[in-house]
Amino acid sequence: MSEYKDFSICKDTQLTLKKAHEDGVETVWDRFKKQKPRCKYCKAGVSCQICVMGPCRIDPSGKSKSKLYGVCGANADIIVARNLARMIAAGAASHSDHGRDLIEILYKIGKGMAPGYAIKDTVKLKRIAKEYDIDTKNIGNEEIAIRLSKAMMKDFSMEKGRLTFIDRAPKQRLELWEKLDVIPRGIDRETSETMHRTHMGVDNNHMSILLHAVRNSLADGYGGSMISTELSDIIFGTPKPGFSEVNLGVLKEDHVNILVHGHNPAVSEMIGQAVEDKKMIQLAKAKGARGVNLAGLCCTGNEILMRKKIPLAGNHLMTELSMVTGVVESIIVDYQCIMPSLGQVAQCYHTRLYSTSNKAKFPFIEHVEFTPENAKEQAFKIVKESIENYTRRNKDRIFIPASPVKNMTGFSVEAILEILGGSLNPLIDAIKAGKIKGVVGVVGCNNPKIKQDYGHVELIKRLIANDILVLTTGCANVAAGKAGLQMPEAKELAGPGLKEVCGLLNIPPSLHVGSCVDNSRIIVIACALANAIGVDIDKLPIAGAAPEWYSEKALTIAFYVMASGIYTVLGVMPPIGGSKKVTELATSGLKDIFGACLAVEPDPIKAAKLITAHIVEKRKGLGLSV
Ligand code: XCC
Ligand code: SF4
């Protein structure tokens, strides 16, 4: 058992991983080990495969004089900057494509072509439409939906020339971005231009590649991701606080268990509707189960947890293990962060797997395509088949490793404002009085390079103990929930000031604000705080951290957060070490440009010190007590 403690701090992970090995199942950790030793060129970002004169490699130590340039003459700085920019483009493309799919649904709702979907938050629909200069008087919600979706489509193209939501940023930040020429002109345009710039023989100045990468990342943060969040709220409802449960213990032995995994709530929300249907529940009972239990994984799990309080079974590194419990009838995936190994693991159990997006297909996973038109029908089909699969369960192989932990969720910006009585002023007063020293977003993934959830949990505990309010998204949120940090009672772990505020408002010291696209909610709060105080964002006592990140999307997030003026600490080094210039820029030089930079610190205890020191410095800058 002790060896399993090296992989994860979570009991449910340790025990289920042990069973996986007993069952002969290979997991992400086993494959991780087999990949060692890692290529030092790739690790440092100095291998290039951009054209077929290569692949080329530059000696990251700089010792080998014959390996200073690729065949085309690109040096380490150019190669590292190009590779980094392409990672950021991929992240931006992923979030933005997610947003685009939601725009299509909104448009089809307006046209009456998306049965099963509806506009849940009409107040927000009108508010966002106003931001897009749409006159909502005398037109129905359907027409507003059509006009808003068309206006948002313009954000994606080159028709408008400037992202709409970018103007949520404080004017000082906008002026800076204008001066640097990094205001995104169109979401797709910036990603496309990154691909162009990084083609052989285009942009060969690491600085200008990086500045464009920043613009590309802003196109995600204030574009694709922000649109995704706002539209999900409009279509599926703006989250409100409430309670649920988290960890593998949310699976129920006597129920049909269905898991949803991925990112876009368009599929999971429909599955959510189908499992509540009386006929489906009757069918489950006829098959000998007590009912149907829906739970989430990763970010689509965060989405339905936020809105419907549907329990969360686990984060990134738990996705394979969920099947090892032997009680999962089906997993329905949409896209992003879905390991292609899932189908293989399912071969050892009775779990049926379904992919739903025509852009995300997997080995050994059955494809049932979802469109706005057929989603309702398909959701019922899959739920019915999942229920029928209950009788195929092998009762001798069942293993539910833990009891669920209660958590509190649903902290949208709107919900936070409501708790505060309608404005951010009480929060600002608490910050000024030093009761809350600062606010930090702890976000991002799991990565087998870091003991699962250790980075998240240690960091959050230390921050809240220092009176720093934590906002979580993505897989970090699951870690916080499992560790009990998302209950109001966790205030006991907070410093005296934060404890008092949490007690007064009856909230946890670590608030769940959503999925990874919902980092845009953190940005909205940061912008609103800066605007209310009348300073730029980089003057605020706030920071970001992604202690266990793995994905290109996380890197894009780190970049738009940094470019917004928020110091961000990464727990895993991005592949940039092969260029001194790029590394220095990212970890210090950008501070002179954006007022914030990145830091890399794998040890969460040291990361907490870095962040706390940063917050102290910012408080001093504002003339606040420390
Ligand atoms: Fe994926 Fe969003 Fe990372 Fe988790 S946190 S591993 S990106 S699911 Ni987004
Ligand atoms: Fe090599 Fe240059 Fe081609 Fe990259 S772009 S593979 S460095 S020749």
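Read the numbers this way: they start at 1 and go in the same order the structure lists the ligands and their atoms. We number each residue from 1, following the sequence as shown. Being a predicted model, the structure only gives us computed values, none of them experimental.
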> For atom 3 (Fe) of ligand 1, which candidate among Ala554, Cys475, Cys445, Gly91 holds the nearest heavy atom?
Replying inline: Cys445
> So does Glu104 pair up with Arg100, basic N to acidic O under 4.0 Å?
Replying inline: no
> Counting heavy atoms only, which part of His263 comes closer than 4.0 Å to ligand 1: side chain, backbone, both or neither?
Replying inline: side chain
> Side chain, backbone, both or neither: which part of Arg57 has a heavy atom under 4.0 Å from ligand 2?
Replying inline: neither
>> If the cut-off is 4.0 Å to any non-hydrogen atom of Ser551, which atoms of ligand 1 fall inside it?
In response: 7 (S)
>> Side chains of Asp220 and Ser225: any donor to acceptor distance under 3.5 Å?
In response: yes
>> Using a 4.0 Å heavy-atom cut-off, which part of Tyr550 comes near ligand 1: side chain, backbone, both, or neither?
In response: side chain
> If you draw a 6.0 Å radius around CD in Gln344, do more than 12 non-hydrogen atoms from other residues or ligands fall strictly inside?
Replying inline: no
> Do we see a donor-acceptor contact under 3.5 Å between the side chains of Thr229 and Ser520?
Replying inline: yes
> In the protein, what heavy atom is nearest to atom 5 (S) of ligand 2, and what distance, to one decimal place, separates them?
Replying inline: Arg82 NH2, 3.4 Å
>> Under 4.0 Å from a heavy atom of Lys553: which atoms of ligand 1 are those, numbered in the order shown and with their elements?
In response: 7 (S)
>> Quick one: does any side-chain atom of Asn315 pair with a main-chain N or O of Cys475 as donor and acceptor, under 3.5 Å?
In response: yes
>> Just by distance, no angles: are the side chains of Thr472 and His512 close enough, under 3.5 Å, to form a donor-acceptor pair?
In response: no
> So does Cys516 have any N/O/S atom less than 2.8 Å away from atom 1 (Fe) of ligand 1?
Replying inline: no
>> Whether the side chain of Arg307 engages the backbone of Gly237 through a donor-acceptor N/O pair (distance < 3.5 Å, no angle test) should be reported.
In response: yes
>> Keeping Ser412 on the side-chain end and Ala415 on the backbone end, is there a donor-acceptor pair under 3.5 Å?
In response: yes
> Looking only at protein heavy atoms, which one is nearest to atom 1 (Fe) of ligand 1, and how far off is it?
Replying inline: Cys337 SG, 2.2 Å
> Sorted by chain and residue number, which protein N/O/S atoms are under 2.8 Å from atom 3 (Fe) of ligand 2?
Replying inline: Cys51 SG
>> Could you check whether Asn519 and Thr473, counting side-chain N and O atoms only, form a donor-acceptor pair closer than 3.5 Å?
In response: yes
> Short list, please: which atoms of ligand 1 are under 4.0 Å from a heavy atom of Gly444?
Replying inline: 5 (S)
> So does Glu269 pair up with Lys308, basic N to acidic O under 4.0 Å?
Replying inline: yes
> For Tyr567, which residues count as a ring-ring contact (aromatic ring centres under 6.0 Å, His included) partner, sequence neighbours excluded?
Replying inline: His614
>> Between Asp59 and Lys67, does any side-chain N to carboxylate O distance fall below 4.0 Å?
In response: no
> Against heavy atoms of Cys299, which atoms of ligand 1 measure under 4.0 Å?
Replying inline: 2 (Fe), 8 (S), 9 (Ni)
>> Within ligand 1, which atoms have a heavy atom of Cys298 less than 4.0 Å away?
In response: 8 (S)
